[in-house]
There are 2 protein chains.
Amino acid sequence: MKTGAKVGISERKAREREERGRRIVVAARTIAERDGWASVTIRRLADEIEYSQPVLYSHFQNRDEIVGAVALEGFGELAGILRAAIRPSSTPEEAIEGVATAYLDFAFARPAMYEAMFILPTGLRFARSDTPTQLREGFGAMATVIAPFAQDVDTATETFWAALHGLAELERHGRIRPAFRSHRITLIMQMVSGQLQR
Amino acid sequence: MKTGAKVGISERKAREREERGRRIVVAARTIAERDGWASVTIRRLADEIEYSQPVLYSHFQNRDEIVGAVALEGFGELAGILRAAIRPSSTPEEAIEGVATAYLDFAFARPAMYEAMFILPTGLRFARSDTPTQLREGFGAMATVIAPFAQDVDTATETFWAALHGLAELERHGRIRPAFRSHRITLIMQMVSGQLQR
DNA sequence: CATATATTCTAGCATTGCTAGTTTGTCAAT
DNA sequence: ATTGACAAACTAGCAATGCTAGAATATATG
């Protein structure tokens with residue numbers, strides 16, 4: 001019978017299948033970070049995992065879902081980085097600056113990953129009941145450092161996040177001067193903390 | 001000879017050619033705003049202007065340049081909208097809020113245009129000697145309302161712009177709550193003007 | 001009229017995401 | 001061992017894309 005004495009076999013198969021899915025995501029990420037997302041084609045991924053193309057579609061509905069899987073990893077890593085940037089010894093102002101700097105460092109150190117997370121179509125669903133925790137944790141880290149300065153923490157965090165995202169995107173596209181990045185961070189920190197000098 | 005008595009002919013031809021180029025850009029914009037940029041294909045544009053596909057490549061090097069031409073129009077329009085948002089009777093604080101609101105209204109009313117201006121590859125060159133004026137004027141309008149509150153106007157304007165761009169993008173991607181848009185604008189206005197209540 | 005020069009078109013290449021339909025492998029029941 | 005049913009994977013191909021070489025056509029020049 002199908003689920004008979006040798007249950008271990010189907011479990012092993014499930015593991016191997018899971019492992020193959022992982023290899024697809026790893027390959028997608030690797031290629032994207034080295035050659036850009038345009039080079040992440042189904043054919044190239046199929047070559048990489050040494051299976052034919054249709055196999056990929058038994059793991060993901062379409063290419064966008066593969067990008068989404070990489071993006072999800074990214075959100076998890078970003079959350080960790082932002083949390084780590086909050087030193088217990090730092091003042092509230094320093095905490096803001098630290099998180100802002102860490103956020104932008106992430107964006108510029110991993111442009112392909114950032115692109116998957118915020119630019120490319122991924123099919124990821126935000127602000128839903130089934131939203132993965134990775135998508136919430138980064139927001140939580142930012143909220144932590146914003147809270148001391150805000151009445152409406154959620155709205156203030158959204159605004160802080162938007163400012164960081166805008167800085168990342170405009171600089172990535174060469175619209176603002178890279179040399180003044182730290183000045184802009186300082187400005188945001190002063191504005192949020194209400195210590196703006198003029 | 002080539003430039004003989006009938007100079008008018010070649011001038012008429014140049015005009016017609018110019019006109020044909022315009023029609024390409026208009027068609028691209030129209031299709032993009034109705035069906036999205038993915039529907040703006042060379043074949044569809046060729047159909048629209050009733051010429052064969054290779055003709056497009058005598059006007060633009062590639063598809064990206066067509067997107068760029070549309071984006072350039074968009075920068076001109078955005079600049080006008082931002083300037084118009086600065087009412088002479090308004091206080092400096094109101095001016096900031098007005099420009100911010102106008103910016104986001106533009107982004108949400110013309111998503112395809114905004115995408116061409118800020119997301120898609122266009123080949124447009126910023127911060128160069130040959131940078132078209134359209135690309136500078138929008139920045140200028142923002143700088144006008146930021147100047148009363150800033151020491152380093154350029155850096156402060158870059159930061160303000162980044163905040164607006166981030167708000168537009170995160171909301172467009174469903175990452176932040178649309179219902180709180182005006183709250184976030186108020187927050188930015190208060191932060192920039194140093195009137196943050198906490 | 002003949003010839004050179006632009007202009008425009010036809011036809012096609014290479015690449016993409018995706019899928020239908022077939023082949024191959026697996027495993028329980030005979 | 002053989003068979004038959006089911007699952008897994010592959011081959012082959014479709015339709016669409018950006019772009020281009022080379023042929024055909026129109027236009028201007030001698």
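To find a chain, count down the sequence lines: A is the first, B the second, and so on, and within it residues start at 1. Scope of the values below: all heavy atoms of this structure, side chains included, with no hydrogens, waters or symmetry mates. Not measured: the values here are computed from a predicted model.
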Engineer: If a protein heavy atom is under 4.0 Å from the base, mark B; if only from the sugar-phosphate, S; if neither, -; do that for nucleotides 10-19 of chain C going 5' to 3'.
Structural biologist: B-B---BBBB

Engineer: Which whole-number value in Å describes the distance from Arg44(B) CZ to dA16(D) P?
Structural biologist: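 Going from Arg44(B) (CZ) to dA16(D) (P), I get 13 Å.
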
Engineer: Over how many whole Å does the gap from Leu45(B) atom CG to dG18(D) atom P extend?
Structural biologist: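 Answer to the nearest Å: 9 Å.
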
Engineer: Once side chain to side chain donor-acceptor pair (under 3.5 Å) is applied, do any residues pair with Arg63(A), and if so which ones, sequence neighbours excluded?
Structural biologist: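 Expected list: none.
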
Engineer: Got a salt bridge between Arg172(B) and Glu169(B), using NZ or NE/NH1/NH2 to carboxylate O under 4.0 Å?
Structural biologist: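 So Arg172(B) pairs with Glu169(B) through a salt bridge.
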
Engineer: Under the side chain to side chain donor-acceptor pair (under 3.5 Å) test, which residues partner Asp154(B), sequence neighbours left out?
Structural biologist: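 With neighbours one apart ignored, the set is empty.
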
Engineer: Could you state the atom-to-atom distance from CZ of Phe60(B) to P of dG18(D) in whole Å?
Structural biologist: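 After rounding, the gap between these two atoms is 15 Å.
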
Engineer: Enumerate the side chain to side chain donor-acceptor pair (under 3.5 Å) contacts for residues 41-51 of chain B, please, sequence neighbours excluded, ordered by first and then second residue.
Structural biologist: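 The answer is Asp35(B)-Arg44(B).
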
Engineer: Quick test of your reading: applying salt bridge (Lys or Arg N to Asp or Glu O under 4.0 Å), list the pairs with at least one residue in residues 66-81 of chain A, sequence neighbours left out, ordered by first then second residue.
Structural biologist: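 Every pair satisfying salt bridge (Lys or Arg N to Asp or Glu O under 4.0 Å) with a residue in residues 66-81 of chain A: Arg22(A)-Glu73(A), Arg29(A)-Glu73(A), Arg29(A)-Glu77(A), Glu77(A)-Arg110(A).
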
Engineer: To the nearest 10°, let me know how far the axis at one end of the helix from dC1(C)-dG30(D) to dT30(C)-dA1(D) is tilted from the axis at the other, five pairs an end.
Structural biologist: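 The value is 30°.
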
Engineer: Please list, chain by chain and in numerical order, all residues satisfying salt bridge (Lys or Arg N to Asp or Glu O under 4.0 Å) with Arg83(B), sequence neighbours excluded.
Structural biologist: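 Scan of Arg83(B) (salt bridge (Lys or Arg N to Asp or Glu O under 4.0 Å), adjacent residues dropped) gives Glu137(B).
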
Engineer: Please tabulate, for the side chains in residues 96-104 of chain B, all donor-acceptor contacts under 3.5 angstrom to protein atoms that are two or more places apart in sequence or on a different chain.
Structural biologist:
unit_1	atom_1	unit_2	atom_2	d
Thr101(B)	OG1	Glu97(B)	O	2.8
Tyr103(B)	OH	Tyr114(B)	OH	2.8
Tyr103(B)	OH	Trp161(B)	NE1	3.2

Engineer: Let me know the distance between CD of Glu50(A) and C1' of dA9(D), rounded to the nearest Å.
Structural biologist: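 Spelled out: CD on Glu50(A) to C1' on dA9(D) is 15 Å.
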
Engineer: For DNA chain C, determine which residues of residues 16-33 of chain B have any heavy atom closer than 4.0 angstrom to one of its atoms, and list them numerically.
Structural biologist: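 Under 4.0 Å from DNA chain C: Arg20(B).
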
Engineer: According to ring pair (Phe, Tyr, Trp, His ring centres under 6.0 Å), who are the partners of His173(A), at least two apart in sequence or on a separate chain?
Structural biologist: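 Checked His173(A) against ring pair (Phe, Tyr, Trp, His ring centres under 6.0 Å); zero matches.
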
Engineer: Run the ring pair (Phe, Tyr, Trp, His ring centres under 6.0 Å) test against Phe75(B) and tell me which residues pass, sequence neighbours left out.
Structural biologist: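 Only Phe118(B), Phe126(B) meet the ring pair (Phe, Tyr, Trp, His ring centres under 6.0 Å) criterion with Phe75(B).
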
Engineer: Restricting to pairs with a member in residues 185-194 of chain A, which pass salt bridge (Lys or Arg N to Asp or Glu O under 4.0 Å), not counting sequence neighbours?
Structural biologist: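 The answer is none; no pair qualifies.
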
